[in-house]
Amino acid sequence: MARHLITSALPYINGIKHLGNMVGSMLPADVYARYLRQTGHEVLYICATDEHGTPAELAAKEAGLPVGTFCAEQHDAQKAIYDGFELAFDYFGRSSSAENVEITQRIARSLKENGFIEERSIRQVFSVTDDRFLPDRYIVGTCPHCGYDKARGDQCENCTRVLDPTDLIDARSAVSGSSDLEVRETKHLFLLQSKLQPEVEAWLAGNGSKEWPTLASSIAHKWLTEGLNDRAITRDLEWGVPVPADTWPELAAEGKVFYVWFDAPIEYIGATKEWADAARDTDPQNRDWKSWWYEADDVRYTEFMAKDNVPFHTVMFPAMLLGTREPWKKVDYVKAFNWLNYYGGKFSTSQKRGIFTDAALETLPADYWRYFLMANAPESDDTSFTWELFSSVVNKDLADTLGNFVNRVLSFSRKRFGDHVPEGSAPGEAEARLGEEIARLLGEYEGHMEALQFRKAAASLRALWSAGNAYLEEKAPWLEIKTDQEAAALTLRTAMNLIHLYAVVSEPFVPATAKAMRSAFALAEDVRSWVTADEAKALDSVPAGTAFTVPPVLFAKLTEEDLETYRTRFGGQGE
């Protein structure tokens, strides 16, 4: 059985992420990791904050903090939110870690030894006032195309045109505001992707990329068709992985650091080493980071990301690893997502448009968001969040179909039969039909989960919940009890077994709710991690006589008054 390595695109450090970021990488990775663990696989789910690059320095400057302090605080703030969403990382690291510095420098040295990194002279903007070369994002000015006066030297955020710093009108330093700028010659390291293109093409053709979602494979092949260009992989920044002095003494003396997109994907490896190092004294044998990344033939590696991250993960990162001539593990399957929009417009971290993850948790519990986002995941195309759609899904699927089923079964049984599961008569034809249907739907659900088709998996999970409601309506225990108490008891015992089954199989999507459903039953040795087809047919995991309690309302319905409050706070109708 393969071991499963799972990574999600590293959330950037410069602020709390929005729901589009959550559904585009971390949440689906968590759902998949939970499912694999429950079905008996060995899983390692790794993530980290991406802490280097110009935006981190600028955000720290705006916050009035040293960049190291800023990143440490932001890491803790983001981790607290991800804990609130119950993202079950095996480790959530930091790209500024000593482990990532070590491995990034090692990979860079190997690439140089094999002829895939070279020094090149380029002309770059220098700020006389700041006495430093400025990365493109450190230069601001007026866009020559639209007149936006806060355009950056790499792109205008207003009209999205790609720019060169010399294109800007009234260009100035983002550090000091000085316009005393010159163009000077300096040296940087370049990754020779053009030399590695044939190997990347061969790797992509031979590693099963035809099975990837069209979104991921088409982006990768588009970049290769257009041809890979050599890319500068160093920057003039104070914060980053330093160029090693033993290999490039001149550049190290000048304070060059590696480009954030060079060290960020290496942090997947770095964070795995962080995970291992964190347990060096307590669990050294079971935390062998190299077994997951180096000569790891028994590992299946799945990456989760939004579509803008695909080129770096399917082309640049594999090129880097291939160029080392070492047996580093490369991705087996890339699960890419389109955009989740907000009323048809993009969520924006910089413009604070849409719902951000901290505000989401302040508004409603995590399971509301987890289920909605996965049931509407932007897999085949962009999708749009609206409060109207959100409330419809919450009210219909979570409150009515699941929550109401649990509450009315347990409440009615307690009222008529007391606080223990009633026994009733032997299962009959209706129970046999139900068992067959539940087993069929469970198999369908498992198939979609294994294929990483999350919207379809959510639909199958919803169908499992609906099957219980259909059974309850067919048997109508509130009528049965008037003429045949044993028949009513059987119906309720069967329904309670459905609740337990739902608790087990719903955990990847709604873990807190699953825990509440499961803990309703006083089962001494409830260690079941998944449900087999035979167990689904039998529906007998909760025997008669088991004590139970009625949990609080699992999902509250959202009212029009609630929606008006949310629209006022977050905007609606595209406002």
Side-chain angles (χ1 to χ4, degrees), residues 11 15-31 34 77-88 340-343 347-349 352-378 383-407 454-455 458-459 461-462 465 502-503 506-520 550-575:
I16 302 303
K17 304 299 116 180
H18 53 66
L19 291 183
N21 184 281
M22 175 65 69
V23 74
S25 58
M26 290 175 285
L27 180 55
D30 178 71
V31 170
R34 284 176 176 274
Q78 289 198 28
K79 179 62 166 59
I81 291 169
Y82 304 146
D83 288 345
F85 272 91
E86 298 210 28
L87 301 183
L340 174 70
N341 293 320
Y342 186 74
Y343 283 93
F347 281 82
S348 172
T349 300
K352 295 182 169 55
R353 185 177 190 281
I355 307 163
F356 286 73
T357 49
D358 55 346
L361 292 179
E362 291 168 4
T363 305
L364 289 166
D367 280 357
Y368 288 70
W369 302 106
R370 287 180 63 106
Y371 177 79
F372 172 82
L373 291 171
M374 296 314 300
N376 296 275
T383 59
S384 188
F385 179 95
T386 69
W387 286 108
E388 294 76 21
L389 176 62
F390 179 73
S391 66
S392 173
V393 170
V394 167
N395 290 348
K396 182 180 178 183
D397 294 0
L398 296 179
D400 286 344
T401 307
L402 178 60
N404 186 52
F405 176 80
V406 173
N407 184 267
F454 295 107
R455 290 181 72 151
L461 183 60
R462 184 190 314 122
W465 301 339
Y502 295 161
S506 302
E507 182 185 329
F509 284 79
V510 286
T513 305
K515 183 178 180 180
M517 288 191 288
R518 196 158 181 159
S519 62
V550 182
V553 173
L554 297 179
F555 295 98
K557 277 196 169 186
L558 303 182
T559 66
E560 184 54 42
E561 184 178 347
D562 293 328
L563 294 191
E564 191 56 39
T565 300
Y566 302 151
R567 284 190 291 257
T568 299
R569 177 180 179 186
F570 298 103
Q573 276 47 294
E575 296 172 3

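Worth saying up front: this structure is predicted, and the values here are computed from it rather than measured. Side chains included, hydrogens not; waters and symmetry mates left out as well; all remaining heavy atoms used.
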Residues in side chain to side chain donor-acceptor pair (under 3.5 Å) with [X], at least two apart?
| X | value |
| --- | --- |
| Gln78 | Tyr82 |
| Asp400 | Lys557 |
| Thr559 | Asp562 |

Rounded to the nearest 0.5 Å, what separation is found between the [atom1] atom of [X] and the [atom2] atom of [Y]?
| X | Y | atom1 | atom2 | answer |
| --- | --- | --- | --- | --- |
| Asn395 | Leu558 | CG | CG | 5.0 Å |
| Leu373 | Leu340 | CG | CG | 6.5 Å |
| Met374 | Leu461 | CE | CG | 11.5 Å |
| Leu554 | Tyr368 | CG | OH | 8.5 Å |
| Met517 | Glu507 | CE | CD | 10.0 Å |
| Leu389 | Tyr343 | CG | OH | 9.5 Å |

Are any side-chain N or O atoms of [X] and backbone N or O atoms of [Y], one a donor and one an acceptor, separated by less than 3.5 Å?
| X | Y | answer |
| --- | --- | --- |
| Ser506 | Ala514 | no |
| Asp30 | Ala88 | yes |
| Tyr502 | Val406 | no |
| Ser519 | Ala516 | yes |

Evaluate the side-chain proximity of [Y] to [X]: yes if any heavy-atom separation is below 4.5 Å, no if none is.
| X | Y | value |
| --- | --- | --- |
| Leu398 | Val393 | no |
| Arg34 | Glu86 | yes |
| Leu402 | Phe555 | yes |
| Phe356 | Asn21 | no |

task = Apply side-chain contact (heavy atoms from CB on, under 4.5 Å) to the pair Leu27 and Leu87, showing each step before the final yes or no.
result = CA-CA 7 Å; Leu27 180 55; Leu87 301 183; 4.2 Å; yes

Within 6.0 Å of CD in Glu561, more than 12 heavy atoms from elsewhere = no

So, for [X] and [Y], which heavy atoms are closest and what is the spacing to 0.1 Å?
| X | Y | result |
| --- | --- | --- |
| Pro511 | Arg370 | CD-NE, 3.3 Å |
| Ala360 | Leu19 | CB-CD2, 4.0 Å |
| Phe570 | Ala359 | CE2-CB, 3.7 Å |
| Leu563 | Glu388 | CD1-CA, 4.5 Å |
| Ala375 | Ala458 | CA-CB, 3.7 Å |

task = Go through the steps for Thr383 and Arg455 under the test side-chain contact (heavy atoms from CB on, under 4.5 Å), then give the verdict.
result = CA-CA 12 Å; Thr383 59; Arg455 290 181 72 151; 3.3 Å; yes

ask   = Would you call Arg569 and Glu362 a salt bridge, using N to O less than 4.0 angstrom?
value = yes

ask   = Of all residues at least two apart in sequence or in a different chain, which pass the ring-ring contact (aromatic ring centres under 6.0 Å, His included) check with Phe509?
value = none

note = By ring-ring contact (aromatic ring centres under 6.0 Å, His included), Phe390 pairs with (sequence neighbours left out) Trp369, Phe372, Phe385, Trp387

task = Establish, from distance only, whether the side-chain atoms of Tyr371 and Arg462 form a donor-acceptor pair under 3.5 Å.
result = yes

query = Quick one: salt bridge (charged side-chain N to carboxylate O under 4.0 Å, His left out) partners of Asp367, sequence neighbours excluded?
reply = none

